There are 4 protein chains.
Amino acid sequence: MTSSKPSPGGARPMRADARRNRERILAAAEAVFAEKGPSASTEEVAARAGVAIGTVFKHFPTKQELLQAIMKDLLGRLDRDMAALAADDAPGEALFTFVARMVEQAAQKRTVVGLLAETGIDLQVASSVQMLHEGIATLLVRSQEAGTVREGVRPDEVIALLTGICQGALHAGWDRDLQRRTLAIVFDGLRASADRR
Amino acid sequence: MTSSKPSPGGARPMRADARRNRERILAAAEAVFAEKGPSASTEEVAARAGVAIGTVFKHFPTKQELLQAIMKDLLGRLDRDMAALAADDAPGEALFTFVARMVEQAAQKRTVVGLLAETGIDLQVASSVQMLHEGIATLLVRSQEAGTVREGVRPDEVIALLTGICQGALHAGWDRDLQRRTLAIVFDGLRASADRR
Amino acid sequence: MTSSKPSPGGARPMRADARRNRERILAAAEAVFAEKGPSASTEEVAARAGVAIGTVFKHFPTKQELLQAIMKDLLGRLDRDMAALAADDAPGEALFTFVARMVEQAAQKRTVVGLLAETGIDLQVASSVQMLHEGIATLLVRSQEAGTVREGVRPDEVIALLTGICQGALHAGWDRDLQRRTLAIVFDGLRASADRR
Amino acid sequence: MTSSKPSPGGARPMRADARRNRERILAAAEAVFAEKGPSASTEEVAARAGVAIGTVFKHFPTKQELLQAIMKDLLGRLDRDMAALAADDAPGEALFTFVARMVEQAAQKRTVVGLLAETGIDLQVASSVQMLHEGIATLLVRSQEAGTVREGVRPDEVIALLTGICQGALHAGWDRDLQRRTLAIVFDGLRASADRR
DNA sequence: CATGAATGAGTCTTCATTCAT
DNA sequence: GATGAATGAAGACTCATTCAT
């Protein structure tokens with residue numbers, strides 16, 4: 001659930017308890033922001049993590065930076081997910097599987113989704129987004145080679161659809177059935193087809 | 001840009017200056033919240049509208065109510081859009097036109113989009129959302145009768161896609177071209193096709 | 001319920017509808033402040049009186065003045081009460097009757113009571129208070145002449161006891177029985193008695 | 001002037017500086033509310049205490065809670081007063097001494113008095129009021145045993161008289177002499193007497 | 001390093017009062 | 001005279017951030 005980003009940049013290696021705290025905070029923050037959106041208070045994050053507020057600010061000098069760290073963490077996990085899928089799943093289905101899985105988890109990931117929409121993409125996480133982009137690109141190419149996605153579709157379209165549908169998934173009245181039907185439409189749109197407009 | 005909802009319910013007609021102010025506030029609020037999201041301050045709305053803070057609260061006793069009023073206003077305009085399209089456009093294309101138009105305006109409408117995701121749909125605007133639902137349903141049926149949308153697609157899927165894509169349209173790095181390509185995929189998914197999964 | 005203070009000082013006689021409004025406002029104010037204490041809003045008074053807020057301020061340019069007017073009104077009525085009692089009741093009992101009656105009504109008169117404690121006695125109502133003082137003095141003297149109140153008791157002590165007990169009567173947990181028993185003690189204290197300390 | 005209620009309930013002991021501030025705030029609040037009544041601003045309390053506004057709200061998350069804390073504090077001190085009197089004073093006089101002392105201090109205690117009348121007794125302070133009740137009951141019984149208060153008088157009557165007279169003591173024009181004379185009447189009422197009504 | 005108390009700018013909201021209609 | 005919309009100062013409360021312990 002938590003990243004293992006040990007010591008950043010050229011700093012000295014973090015003390016063990018410090019690293020543990022960092023990860024507890026990150027996990028708590030993800031949970032809290034997931035539940036209450038990014039306007040939840042830092043104090044609540046500290047409480048959930050079982051540390052004092054000062055400790056949170058020691059690790060993440062700004063709320064912004066905490067939010068960015070969550071994003072990075074999340075995107076990193078997505079990247080590993082994708083890599084695993086690329087290795088294990090049928091090449092033609094991996095992209096679909098990945099998208100479906102992300103949408104499914106969207107409700108618990110209000111954070112990523114919300115963050116993207118709320119604060120925009122800061123430069124700090126640009127590299128992580130880049131990672132996502134590349135992962136998607138890989139899955140996409142394989143799908144196209146396998147003939148399950150039509151030629152001409154590009155990664156940014158897939159990302160656009162992905163984030164959009166995830167946003168949608170946060171809404172009230174969005175149940176499993178609606179999710180399945182909506183994805184079906186999008187997947188149909190992605191599939192190779194003779195009668196493209 | 002602003003509605004003309006004059007005097008609600010069974011009250012006497014609003015004084016001219018009051019109605020003018022109400023609309024200036026609504027317009028200002030829409031603009032401000034569009035730029036900065038729903039957490040922008042009411043004070044800024046007042047400033048942009050050129051009125052004192054008290055005036056905003058006289059018209060909308062709560063920030064929530066102001067946000068809801070924007071929603072209602074916006075949804076009302078959408079409804080009129082849809083009605084016009086249903087009357088004027090080719091039956092098979094009206095739905096596509098409507099969706100495309102909404103997405104196109106999404107950037108200016110960060111509010112609606114954001115609101116739906118942020119605060120959820122309160123009962124106050126439920127009727128307006130209902131309106132949207134019905135409008136979409138009408139357009140959808142016509143498209144299906146015209147054969148441009150496959151049978152089996154239901155209004156809630158269309159709404160889900162619509163809100164999702166609108167959300168997506170708010171992101172940085174989303175340009176006209178990406179918009180066009182993304183919509184093309186979704187529209188392909190909606191079109192009648194022989195090789196339905 | 002309302003006073004008939006027609007036109008103040010040397011001003012021209014008030015128009016009939018104006019005087020009617022003045023009294024409706026006074027009555028409404030008394031009711032509202034009685035219910036919610038003197039911090040109730042002037043707007044609510046206007047609403048209860050069925051007039052616009054501007055009208056209230058036309059008659060009473062300041063909330064303070066409105067409160068003072070209520071006081072005067074109330075004290076005037078008390079004065080008439082006392083005069084009637086002085087004329088009708090048994091001389092030895094009139095004072096007791098009056099005090100008991102006031103305490104009984106205290107709950108509905110949170111205003112007077114509250115006002116005295118809250119804002120202190122402004123000079124504006126001093127003359128009215130003087131009236132009360134005189135009325136009490138009259139009743140007191142008669143009681144003493146009738147032998148039901150010991151010599152040496154002075155009007156200001158009676159007023160002090162009166163206001164104090166009225167305050168007490170506003171408290172939660174103060175019922176008719178407690179009221180009776182408390183008054184009995186005070187009345188015993190007032191009665192002539194051989195064994196004064 | 002201030003209590004020493006250190007750390008409430010089962011929490012860890014408060015840091016020294018925090019407790020010091022808590023007490024400065026409590027003392028400041030008591031003074032401010034005593035002067036201006038319970039509608040005085042929290043900001044002024046903060047200023048008088050020499051802390052920032054946030055600190056006040058950190059210790060007392062609500063103005064209500066601050067007021068209640070003052071009440072508790074005050075009632076606690078009264079309770080200790082009573083206990084001391086019960087131990088030291090002549091049994092027959094302790095009650096009279098206590099009441100007289102309270103009334104004497106009433107001006108500085110506008111808070112207690114005002115609070116009881118203004119906001120009513122919330123459950124939070126109910127236990128403290130209960131304490132007061134019990135203390136009074138003790139003093140009362142001893143007085144009755146000593147024969148200085150007639151049988152049949154009950155604690156709630158004494159409390160009613162006490163609060164009432166305290167209220168009265170807040171008024172303008174209430175001087176030491178009036179106080180003495182008024183109390184004399186009430187004490188006479190409480191004393192055992194042959195000619196009970 | 002961790003703690004958590006203190007800070008204070010910023011937010012929402014209320015209300016007495018003014019004044020154009 | 002009456003109306004009620006507008007004003008804006010003031011109040012309660014929040015929260016990111018700092019810093020003494």
Side-chain angles (χ1 to χ4, degrees), chain A residues 14-18 21 39-47 50-66, chain B residues 12 14-22 25 39-46 49-66, chain C residues 14-19 21-22 39-47 50-66, chain D residues 12 14-22 25 39-46 49-66:
Chain A
M14 240 172 184
R15 258 169 47 177
D17 57 343
N21 267 344
S39 65
S41 88
T42 314
E43 198 99 34
E44 189 169 349
V45 171
V51 301
I53 182 69
T55 307
V56 175
F57 278 87
K58 172 82 84 185
H59 285 282
F60 308 94
T62 287
K63 194 183 184 183
Q64 270 296 321
E65 287 175 67
L66 175 55
Chain B
R12 83 183 54 178
M14 232 175 188
R15 239 166 63 179
D17 55 346
R19 181 156 61 249
R20 199 164 36 246
N21 266 343
R22 194 195 135 92
I25 291 167
S39 66
S41 87
T42 312
E43 198 100 35
E44 190 170 347
V45 171
V51 300
I53 182 70
T55 306
V56 175
F57 279 92
K58 178 128 206 210
H59 285 282
F60 308 95
T62 289
K63 195 183 181 181
Q64 271 295 322
E65 284 174 72
L66 176 54
Chain C
M14 238 173 186
R15 259 168 48 176
D17 58 342
R19 183 158 57 251
N21 266 345
R22 195 194 134 90
S39 66
S41 88
T42 313
E43 198 99 35
E44 190 170 348
V45 171
V51 301
I53 181 69
T55 306
V56 175
F57 277 88
K58 172 82 83 185
H59 285 282
F60 308 93
T62 286
K63 196 184 182 180
Q64 269 296 324
E65 287 174 66
L66 175 55
Chain D
R12 83 182 54 180
M14 233 174 186
R15 239 166 63 177
D17 55 347
R19 182 158 59 249
R20 197 163 38 245
N21 266 342
R22 194 194 134 92
I25 291 167
S39 66
S41 87
T42 312
E43 198 100 34
E44 190 170 346
V45 171
V51 300
I53 182 68
T55 305
V56 175
F57 279 93
K58 178 128 204 209
H59 285 281
F60 308 94
T62 289
K63 196 183 179 179
Q64 271 295 322
E65 284 174 72
L66 176 55

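Heavy atoms only: backbone and side chains are in, while hydrogens, waters and symmetry mates are out. Note that the coordinates shown come from a computational prediction; the quantities given were computed from them, not determined experimentally. In what follows, chains are A, B, ... by sequence order, proteins preceding strands, each numbered from 1.
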Which pair of heavy atoms, one from [X] and one from [Y], lies closest together, and at what distance?
X       : Y       : result
B/Glu65 : B/Pro61 : OE1-CD, 3.5 Å
D/Ile25 : D/Val56 : CD1-CA, 3.9 Å
C/Arg22 : C/Phe60 : NH1-CE2, 3.5 Å

Check whether any side-chain N or O of [X] sits under 4.0 Å from OP1 or OP2 of [N], and answer yes or no.
X       : N      : result
C/Thr42 : E/dA16 : yes
B/Thr55 : F/dA5  : no
D/His59 : E/dA6  : yes

Atom [atom1] of [X] to atom [atom2] of [N]: distance rounded to whole Å?
X       : N      : atom1 : atom2 : value
D/Glu44 : F/dA12 : CD    : P     : 11 Å
C/Phe60 : E/dT18 : CZ    : P     : 16 Å
B/Asp17 : F/dA6  : CG    : C1'   : 9 Å
B/Glu43 : F/dT7  : CD    : P     : 12 Å
B/Lys63 : E/dC12 : NZ    : C1'   : 8 Å
B/Gln64 : E/dT13 : CD    : C1'   : 14 Å
B/Arg19 : F/dA5  : CZ    : P     : 12 Å
B/Arg20 : F/dG4  : CZ    : P     : 18 Å

Any idea which of [options] is nearest the [X] side chain?
X       : options               : value
C/Lys58 : F/dA2, F/dA5, E/dT17  : F/dA2
C/Phe57 : F/dT17, E/dT18, F/dG1 : E/dT18
D/Ile53 : E/dC12, F/dC13, E/dA5 : F/dC13
D/Asn21 : E/dC1, E/dA5, E/dC12  : E/dA5
D/Ser41 : E/dT13, F/dA12, F/dT3 : F/dA12

Margin query: Taking the nucleotide of DNA chain E with the nearest heavy atom to each, does D/Val51 or A/Gly50 sit closer to the 5' end?
Written below: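 Mapping each residue to its closest nucleotide by heavy atoms, the 5'-most match is A/Gly50.
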Notebook entry, point to check: Base, sugar-phosphate alone, or nothing: which one does C/Ala40 contact when heavy atoms must sit under 4.0 Å apart?
Noted result: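 Sugar-phosphate: the residue C/Ala40, judged by heavy atoms under 4.0 Å, touches backbone atoms but no base.
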Item checked: Side chain proximity check, A/Phe57 to A/Leu66, heavy atoms < 4.5 angstrom ->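 No, every pair of side-chain atoms sits at 4.5 Å or beyond.
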Item checked: Any-strand Watson-Crick or G-U partner of E/dA2, both distances under 3.5 Å ->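 Paired with F/dT21.
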Item checked: Any donor-acceptor pair under 3.5 Å from C/Ser41 side chain to C/Glu44 backbone ->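 Pair found, side chain donor or acceptor close to backbone of C/Glu44.
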Next item on the list: Select from D/Thr62 and B/Arg15 the residue whose nearest nucleotide in DNA chain F is closer to the 5' end of that strand.
Entry: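 The residue closer to the strand's 5' end, by nearest nucleotide, is B/Arg15.
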